Amino acid sequence: MKLMKYSIIKPYILLTPALIILFGLFLGGVILALAQSFGYFPLLGLNTFTLKYYIEIFTSTEFLDALRYSFYISFVSSFLAVVIGVFLAYQLVRLPKEYKLVRLIYKLPIIVPHIIASLLVFLFFTQSGLAARILYHLGVIKELQIFPQLVFDRWGIGIILVYLWKEIPFVALVVYTVLNNINNSFEQVAANLGASQQQIFWNIYLPLSLPSIGSAFIIVFAFSFGAFEIPFLLGSTYPKTLPVLAYQSYVSSDLLQRPYAMVIAITLTVICLGLIYIYKKLLDLVLRYK
Amino acid sequence: MAEIELQNLSKSFEDKSVIDSLNLTVNDGELVALLGPSGCGKTTTLNIIAGLLEADNGDLLFDNQSVLDMPTKERGAVLVFQNYLLFPHMSVGQNIAFGLKMRGIDKKTRKQRVSELLELVGLTAYADYSPNDLSGGQKQRVALARALAINPQVLLLDEPFSNLDANLREDMQNFIRNLHLEEEMTTIFVTHDRDEAMLMADQIAVMNQGKIEQYGKAKELYTKPKTRFVSDFFGKANYLKLELEDNNFIFNGVSILISEKDKLALKLRSGKSIVAMIRPEFIELESMEIERNEETLEFSGSVVEEHFVGDKIYYQVDIGSEILEVTELPQKSFEVGEEVKVIIALENIWFMEGEG
Amino acid sequence: MAEIELQNLSKSFEDKSVIDSLNLTVNDGELVALLGPSGCGKTTTLNIIAGLLEADNGDLLFDNQSVLDMPTKERGAVLVFQNYLLFPHMSVGQNIAFGLKMRGIDKKTRKQRVSELLELVGLTAYADYSPNDLSGGQKQRVALARALAINPQVLLLDEPFSNLDANLREDMQNFIRNLHLEEEMTTIFVTHDRDEAMLMADQIAVMNQGKIEQYGKAKELYTKPKTRFVSDFFGKANYLKLELEDNNFIFNGVSILISEKDKLALKLRSGKSIVAMIRPEFIELESMEIERNEETLEFSGSVVEEHFVGDKIYYQVDIGSEILEVTELPQKSFEVGEEVKVIIALENIWFMEGEG
Amino acid sequence: QKQEENVLEQEWKEVIASAKGTEVNFYMWGGSRTINQWVKGYVAKNLKEKYDITLNMVPMDATDFVNKLLGEKQIGKKEGTIDLLWINGENFKTAMDNELLFGPFADNLPNYNRYMNTDSKQITTDFGFPTKGYEAPYSKAQFIFIYDQNKIEKAPYSFEELIAWVKSHPGKFTYPALPDFTGSAFVRHVIYEITGGYEQYYNLEDEAEIRKKIRPALEFLADLEPYLWREGETYPSTIAQLDNMFADGEVLMSMGYDPSKATSEIVKGTYPDSARTFVLESGTISNTNFLAIPFNSPNKAGALVVANFLESFEAQLSKYNPENWGALPVFSYDKLNDQEKEELADLDLGIATLSQEVLDKHSVPELPADLVPIIEDEWNKIVGK
Amino acid sequence: MITTAKVIRTTLIYILLLSLILPLMVLVIWSFTNDWPWPKLFPQSFTLEGWKYFINPVNGAWDALQSSFLIGIGVTLLALLVSIPAAKALGLYDFPGKRLINILVLAPIIIPPLAVTMGIHINFMKYGLTDNVIGVMIVHLIPCIPYSIRILTNVFEAMGDKLELQAKVLGANSWQTFIYVTLPLIYPGIFSAGIMVFIISFSQYLLTFLIGGGQVVTFPMVLFPLVKSGDRMLAAVYSWVFIIAALIFTLVMERIFKQDQNKNQAFYM
Ligand SMILES: Nc1ncnc2c1ncn2[C@@H]1O[C@H](COP(=O)(O)OP(=O)(O)OP(=O)(O)O)[C@@H](O)[C@H]1O
Ligand SMILES: Nc1ncnc2c1ncn2[C@@H]1O[C@H](COP(=O)(O)OP(=O)(O)OP(=O)(O)O)[C@@H](O)[C@H]1O
Ligand SMILES: NCCCCNCCCN
Ligand SMILES: [Mg+2]
Ligand SMILES: [Mg+2]
């Protein structure tokens, strides 16, 4: 009997240290941010719950523009990263076995931090960057000002490029593992049943790797949606991304700005959670038979 | 349907020869088993026929036409893989319709064909199930239906029953036999189970180390194996080493007259050592008192071991020079230690060359 | 060694009853098979005996002592899992020594015991191999040696042969039988293969849905099954529905005299319906002209199907009211359509209650 | 804690004594390799040798450390981690408003009294806000224009001359797009010139009025676009790009907030040797930056000693050296003794750097810092479209 | 037919790979020059100044690298300590609430650490966890733990509980089972998870910045301002040191951890 009791609580005992950290730090952080966003911040002498901050933030154009801008950047970069990453992964799967180095090299950007990635984009894509120089020497452009503004620009191209450089290998890695497992067996079945290469890709590889592609998209999207460093380093003055906006409210010399930062943080959180929910729903829909 | 001919096919992986100048002709409409131990190259052969692997050498003919340069989708040879490989992201119905869809068949036709096939394999109610919710046997049947959907000229089955448990296996074996009787497409299936091969196939190709060792009907392979390998593969046997003396074999003091025909067939020469192969169930045991009067070899022996295994009993009988394996039906029951008469009909002795 | 007694053991997972007041006594030194279909609770039972699972109810005695509160490592019952489960990060020798090491046995003793065991299982040369480099049968033997190393009182084997191919399986079966003959430790092994159970075990416990349906020797279970389930599980059978009239059963116009003893045992009453079970191989076929003079039932029939499967032939014989399954050794060969005499020895008929 | 409160009452010798063997955390902007190296090298070495103080430079932007202090103040953290700050402008104002600073301490520094003109607004106010002794001056910066004397014989001197030059050399002038720091400063100059000086912007609270007031200047810039590089369709996004274009001869003028910039760029090899500096007759914007001590500095004595050292003639001169940093010193020339004057005269500022005398004469103060974002916003609307 | 498709594919892959790798090459060049004016394709002159600056102990780059390693290794050990039991629970057992905990474990991957950290920052300050290494290591756990738990959970799932049961049956107690069986078997997983956690911790800027309060100077803390101010040469030097340090760590770990066991594919997720 004693043994049995232990076996029931055993998993919980094993989980305790992790749960302490997850509850204490992570959930604690989220809850505190939530409380502060509603104006409950005893340390600042704010003790009443109010929707004031939400109302103010949600009606400010700066916030709405930032929301749109963040969405735009994350969506475009994640979408492109996933499309190109899946392409890369698919091609890598089909690459003959001997290309070991290629399979190693493409992963390099994964261990390079985003800060360095933004330096790379800076070196390459400013108007006097290497890309412009190469075009100049190719005679494509005659003056440096003709080179389009790709960094610190309103379209967030520099930011998107950083995310692409970082996330394409990430997506490729995740998808490669999955594709590699699908490899051969299902492909052979399909080919044998009369499917062409293209049909195999669209009917077999893509749907089978869709869950991992989807989760890679979510991870990449959420990461770029919530990341501060890159838009801070390469972004335009206006609009800003949500995390930059949140950060600036947070480090504002007026502590009473913090609830605003928290409202933005909570908005980020809720959107990311909503995304998972939509993803799960879509997955259920697409993969009824999984 | 089609006749299939493998001519001197060879295939190596890296430097390892896996198929070695293999020759085999499968007649139109036949149900053939490719039987052999693990790793002998059965799957490889099937893959080459299906067009999923390229042979290094030799030729592959369908109805006397080489198909080596024909891509898999045009050969009309559909392979059903050992582990079903149903597409997990499609329903049963979608799986079956896959090949048709790839051929651009319109939806209505597809639907109709799918329901025909579902009926054929007895899974009408399962069209919208996920493959994951099916039992092993049901999966197997879906895989079959998927292959059949595109009316293959040749059906290739890679160990179609090895993942099924005993009852299911019997069902599926019957199913495929009946299907073959109805549709009569050329069918090759791979197995390493001799009973299965014998139960199902019109002809059996026994494969060993990349070659066909013997090709023939079950009974022939069982009773008249050309090599020790085939003999062993088809079950227990007693191998008696004989000495040829003129027209007689001498064994255990008894001399056996050999016909001129056998002598010629075996290219027998005096003094050469020959092995007589006798299957245990071709040996009869009788209580000492029973009289027999057929053309037989007879020894007396004593039972040294007895094993009841339901529908038969395995005995080991000491006849002095040898211990013979004998299988009897359970009606005939002897006890360990009992003295018995061992009777071997001459017609049941098979002579092979080689060491005993 | 030990006698094992399971008393009214029950076990549920969530609300699903898996073992249901199970009773079983295994005598000291016996080799017992636990035989049953997939999911009937065999592994669960073994796990309870080994102490890896706790029973919900009932008692478990080793030599008349309850061991319910004894942790696994003290019970002296070692379980060999179905798929060997060799530790992949240890050499063969280290695997075998594992249990000894855990008990703090010194290195020298361990070494010595390991080499004894390696010799026992015929793997002396393999002490330093990685388990990954062994064949299935070798792995199986290492797993056994590892279990034997700690001199278990009770050896529990969960489907020890199901992963092996035919030849290996036979070797291992022999190996375990011989081992048991030598060491005589109480051994329970799980299988869903009736042939294996019959071949190996002293006693067989047939399990169905969490209960022991019948416990006895192979022959008894085969010839005298208590339930239809057991009968079916042990192979094909013909079930003839009989009517009792006074002291006679009427079947197919023939009336069969029944002994008083049978009548009592079956609690027969007039008008009650009874099933006669006859195994196919207990039916003899003879060419019409042959005369028989034993105490037999005799019908005439005609062969409707014939299947040669090597060491036997399956026939289906139409006797008018029924089609009987008959197995004959291959010496006796009949053709489809041939008229035959069907002979059933009365002693080979087993009466069961129930519907035909 | 008690002893720390007393540090302002202590004799300087005692301060030095209690600072001996301690560690001082100096929080400062860390984006410049030269500055970092000067602090971590020259300053740290001297402090160690002279006072046995270990200087620990912590790179952090002013807004961040002010925010950190705010948090610490809020939760009542009596002992923080920062001993000395490099600060000015709005951040200083915030710090004062929230009582984040320790002081007044400037008067306690021997070098402050020894070398500074303690009456000068440049020393006693910070972006128009009185320092009240809570800040000790550290450095000065001043806006300058850069031209190539091989291509422009005579640099413009008045704003009008500059505009005339721009108009007569279409496509050869531009400035970095806002919010670039230097571009933004350039626009403020135009605002001073067009709208009539800076004084009017002090004490101006109403945002709408500010926007109205600066509008003519922005319209002026919009009208200037046809004469700018690429006709004002686009602007270089950073000063670095403008520098590149200047180096390449694409444009003929650049600008900077560091008076010795031209010299150091020549030294680095990016600018041609003929690059020179000029300022406008009506003055260019300069500001002073300061050192301050947080309320919860755990080592106030050490902070005082470090601040004092940084204000020493020796440190200021080293800092003034373009090879080390090139930042303008904060001492008053009049307070130097002869030997010091000589050393100052011996310092080679480089051919492309204006003398401090000239710079001082042409210096105008910054606007209150909170106007900067408004200007950027208006510029984006009117000029940058 | 096959060849053209192949050529196109190979070309595309190489273009893609080139665009992933070329920037890193250019970074090498930039670390040796400051003199590379438009529109030159190659620098006009090279200098070791950046590397000298980096090596000069006064500039604290070594110290920063050291504390990055210290913190990275500390976080890795902490994360593994916490993740191994948790992953075992999630990988081997079924229990009420498992789904919920699974979601909770993964949530920090999706929910921006920025949001979380802003929420707890002031409480950290209150409990003395800011401005020191301990606090920074703890806060690094937030983005790290989901990865290590995830990777190890996969490993435990793949391993199953059978081998542990086998050890029990053979008479091992819980502790012996863990040391002799579990630990050696999850070795490759520990390696993958360890690398992952280390790299994440090693790359952290904002969390270190907020919680470390400038007192905890890790490598990214030094690197970030350089990138921000556009000091290309020095930023390039530091970037390379960073990348090489991360690579060396990975390789060293690989040496230590990977015996002849075959590779674990559960990298990442
Ligand atoms: N792609 C491959 N690369 C290298 N060797 C291979 C490959 N495919 C098969 N082999 C080798 O070729 C031999 C024959 O393989 P094949 O799969 O045809 O055997 P099989 O007869 O189907 O065996 P089984 O009954 O075990 O399925 C084996 O030794 C196998 O290891
Ligand atoms: N841990 C468990 N939780 C829930 N159900 C279980 C668990 N273990 C076993 N079962 C269920 O109990 C039943 C009996 O399982 P058990 O493993 O004992 O069967 P078995 O007779 O060994 O079958 P097989 O021959 O397939 O191994 C099965 O239906 C199984 O699904
Ligand atoms: N980069 C996409 C999000 C995944 C984060 N993983 C950590 C990256 C370590 N470089
Ligand atoms: Mg095969
Ligand atoms: Mg089981």
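Naming convention: chains lettered A, B, ... in sequence-line order (proteins, then strands); numbering from 1 in each chain. Values below: every heavy atom of this structure, side chains too, minus hydrogens, waters and symmetry copies. Everything numeric in this text was worked out from a predicted model, so none of it was measured.
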Side chains of E:Val105 and A:Leu22 in contact at under 4.5 Å (non-hydrogen atoms): yes

Using a cut-off of under 4.5 Å on heavy-atom pairs, state which of A:His137, A:Gln36, A:Arg258 scores highest against chain E. A:His137

In Å, rounded to the nearest 0.5 Å, how long is the span from CG of E:Leu17 to CD1 of A:Ile105? 7.0 Å

So which part of E:Ile84 gets closer than 4.5 Å to some heavy atom of chain A, the side chain, the backbone, both or neither? neither

Side chain to side chain, E:Pro96 and A:Tyr12, heavy atoms closer than 4.5 Å: yes

Are the side chains of E:Leu16 and A:Tyr106 in contact, using a 4.5 Å heavy-atom criterion? no

Can you sort out the partners of A:Ala246 under side chain to side chain contact (heavy atoms under 4.5 Å, CB included), two or more places apart, ordered by chain and number? A:Ile264, E:Met118

Any side-chain heavy-atom pair from A:Phe26 and E:Leu141 closer than 4.5 angstrom? no

Over 60° means perpendicular and under 30° means parallel, so tell me whether E:Phe224 and A:Phe228 are parallel, tilted or perpendicular. parallel

Could you grab the distance from atom CZ of E:Phe249 to atom CD1 of A:Ile111, nearest 0.5 Å is fine? 11.5 Å

E:Leu20 CG to A:Leu164 CG distance, which is reported to the nearest 0.5 Å: 10.0 Å

Region of A:Ile21 that comes under 4.5 Å of a non-hydrogen atom in chain E: side chain

With heavy-atom distances below 4.5 Å as the criterion, would you say the side chains of E:Leu104 and A:Leu19 are in contact? yes

